[in-house]
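These notes are about the structure you will find just below.
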Amino acid sequence: MSEALAEDTERVADDLSASDLLASIRASRELENQEAARQLELAARWADLHPPESIHTAAAFTLPGSEHEEPIAGQGCPLVAEFCVAELGTELGMSSTAAKKLIGHALELRHRLPRLWRQVQTGAVPAWRARSVAEATIHATPALTKDAARWVDAQVAAVAGKIGPAQLDRLVAETIKRFDLAEHDPAADPEDGYLSVDPRHATLNDQDVHYAGTMHFEADLDIADALDLDGALAHGAALQKALGSTESLNVRRAKALGDLARTQTALDLHAQGSTTTSTSARGEDGLPAAREVVLNAHFDASVDGVQTIFGPTGRLEERQKLLLLDQVKAWCADSRTEITIKPIIDLNAELSAPGYDIPQPIREQVALRDRTCTFPWCTRPARSADVDHVVEYDHDAEAEGRPQPGPTTSSNLACLCRFHHRLKTFTAWTYRMIAPGVFEWTSPHGHHYLRDPHGTTRLDDAGDLGEPPERP
């Protein structure tokens, strides 16, 4: 036994015996389960405080984008005022989507799974187990009726919630069959069902990106199409080898498939495009540039004399994936790939435009600066978000000879996803920019949050923040 391990064993022995340590951690887990059950109860009570009747604005029923009532659990659960989830989420340090799920699970358990709800509140079933059941009954397809959900509740409660994901899926499927909720599916026929199933598909798994910069693509094709494709890939691989490629057969076949995709894209564009396509947008054979996928890659760069040196790794803006410089070089080497290099954008520069409309250069700067929606704990990408005037633009100011309170400038613009843009517009939520990309948000109940490119921080001081706090 090493000296460090011996010292650690001696220290633990002095503080707690092994049995005391196990008892303490078990008590900690029980306390955690109790608090999780209490959070579910409080989330349900929060929904009770925000029924559809709590939407006071008369215009809410006629003005596009304003708050509406929303079902967030299954049939038989009460509706809630849509925007109530945001404040609960910020107080819990989670996104509005996660808060909506928490409230939905609480209502589903209380109203449609009452036995499981009671077991959670008495500590017989951990909250996380009950929430997994609620998630399954809320999103079952087709939707479960209240009676069907009660039957699932009885089965799960009988085993104290000890049911795995596969068992739960089978239970929901059995419930759908028992209550005749699904329409007749000819594909389910044990003898002739295959006649009603078309297995053809071509699927890209874009959620699993290999460190080498590859994705998994699989397909089921007609026999004739599959044989033709196999022949085309074999021909493409052989052609690459004849031209001097030393890569493996599998790699050459994969590259041949990419070549087929790009060539077909180029042919389609050539047939449909206008005759005014610039020469710079065409390849050596006169066809338009074939790659139509737009990827935004960000690399750190330094200048050594007259040469620009890029770092070996960067960030792919799409899904915030790690990107290797060598992979980008390989893409650039393809003769049918059109590359656009944008100049460096100073994220701290103050750009402005007359009027209300936001020009593309300013939109680009704000999206790069904010990265995501700027509401606390929201992670929706900035490029798909709205660009909001932090201080509202006054459309009548110029006509009435008044100064514009909400100009179209970098320091008065922020990225907000559509949900949080509507939230800011139609509720008492307010925010201000205290530095480029740094925002202070104030909730309707007076809670304050700081959002910057590093994330969100809950603020205790409700006064003037001045400069943002330093981060490690």
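The residues of the chain are indexed from 1 along the displayed sequence. Worth knowing before you read on, the calculation uses all heavy atoms, side chains too, and leaves out hydrogens, waters and symmetry mates. Nothing here was measured: the structure is a model prediction, and the numbers come from that model.
Outside the 6.0 Å centre-distance limit, the rings of F83 and W429 are not counted as a close aromatic pair. Ring pair H421/F419: centre-to-centre distance not below 6.0 Å.
Contact annotation: the side chain of R150 approaches that of P114 to within less than 4.5 Å [non-hydrogen atoms, C-beta and beyond]. With contacts defined as side-chain heavy-atom distances shorter than 4.5 Å, the pair T97/V85 does not qualify. Looking at heavy atoms from C-beta onward, E218 lies in side-chain contact with H201 at the 4.5 angstrom threshold. Side-chain contact between H448 and R458 is absent, with no heavy atoms from C-beta onward closer than 4.5 Å. Under the 4.5 Å side-chain criterion, counting only non-hydrogen atoms from C-beta, L260 is in contact with L229. Contact annotation: the side chain of R451 approaches that of T372 to within less than 4.5 Å [non-hydrogen atoms, C-beta and beyond]. Side-chain contact between R422 and E82: present, with at least one pair of heavy atoms (C-beta onward) separated by less than 4.5 Å.
A side-chain N or O of T408 and one of H389 form a donor-acceptor pair less than 3.5 Å apart. For the residue pair E91 and Y449, a side-chain donor N or O sits within less than 3.5 Å of a side-chain acceptor on the partner. Counting only N and O atoms by type, the side chains of R170 and T175 include no donor and acceptor under 3.5 Å apart. Between the side chains of Y431 and D388, at least one donor N or O sits under 3.5 Å from an acceptor N or O. Between E350 and S411, the side chains place a donor N or O and an acceptor N or O closer than 3.5 Å (distance only, hydrogens not considered). In this structure, a donor-acceptor pair under 3.5 Å is present between the side chains of H420 and S96.
The ring-ring contact (aromatic ring centres under 6.0 Å, His included) search around H216 returns none, not counting sequence neighbours.
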- Run the numbers on E87 and S443 for side-chain hydrogen bond (donor to acceptor under 3.5 Å, both in side chains), then give the verdict. CA-CA 7 Å; E87 190 159 15; S443 76; 2.8 Å; yes
- Message: What verdict does the salt bridge (Lys or Arg N to Asp or Glu O under 4.0 Å) test give for K100 and E70, after you've listed the backbone C-alpha separation in whole Å, the side-chain angles of each residue and the deciding distance to 0.1 Å?
- Response: CA-CA 10 Å; K100 180 179 178 180; E70 186 168 9; 2.6 Å; yes
- Message: Before you tell me yes or no, could you show the steps for E174 and K177 under salt bridge (Lys or Arg N to Asp or Glu O under 4.0 Å), namely the whole-Å CA-CA distance, both residues' side-chain angles and the distance that decides it to 0.1 Å?
- Response: CA-CA 5 Å; E174 181 183 347; K177 184 177 180 180; over 6 Å; no
- Using the salt bridge (Lys or Arg N to Asp or Glu O under 4.0 Å) rule, take D153 and K146 through it: C-alpha gap first, then chi angles, then the decisive distance, then the call. CA-CA 10 Å; D153 180 39; K146 191 171 183 178; over 6 Å; no
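Interatomic distance, CG of L21 versus CZ of R26, reported as 14.0 Å (0.5 Å rounding). Annotation: the span from E108 atom CD to T137 atom OG1 amounts to 3.5 Å, rounded to 0.5 Å. Going from atom CD of Q404 over to atom OH of Y393 covers 4.5 Å, rounded to the nearest 0.5 Å.
Residue P78 comes nearest to L107 through the heavy atom pair O-CD1, 4.0 Å, listed as atom of the first residue, atom of the second, then distance. What you find for L413 and I362 is that their closest heavy atoms are CD1-CG2, 3.5 Å. Scanning both residues, A149 and L113, for their nearest heavy atoms gives O-CD2, 3.3 Å. Among all heavy-atom pairs drawn from P405 and A397, the shortest one is CD-CB, 4.4 Å. Closest non-hydrogen pair, M215 versus N205, comes out as CB-O, 4.1 Å. Closest non-hydrogen pair, T456 versus W377, comes out as OG1-N, 2.9 Å.
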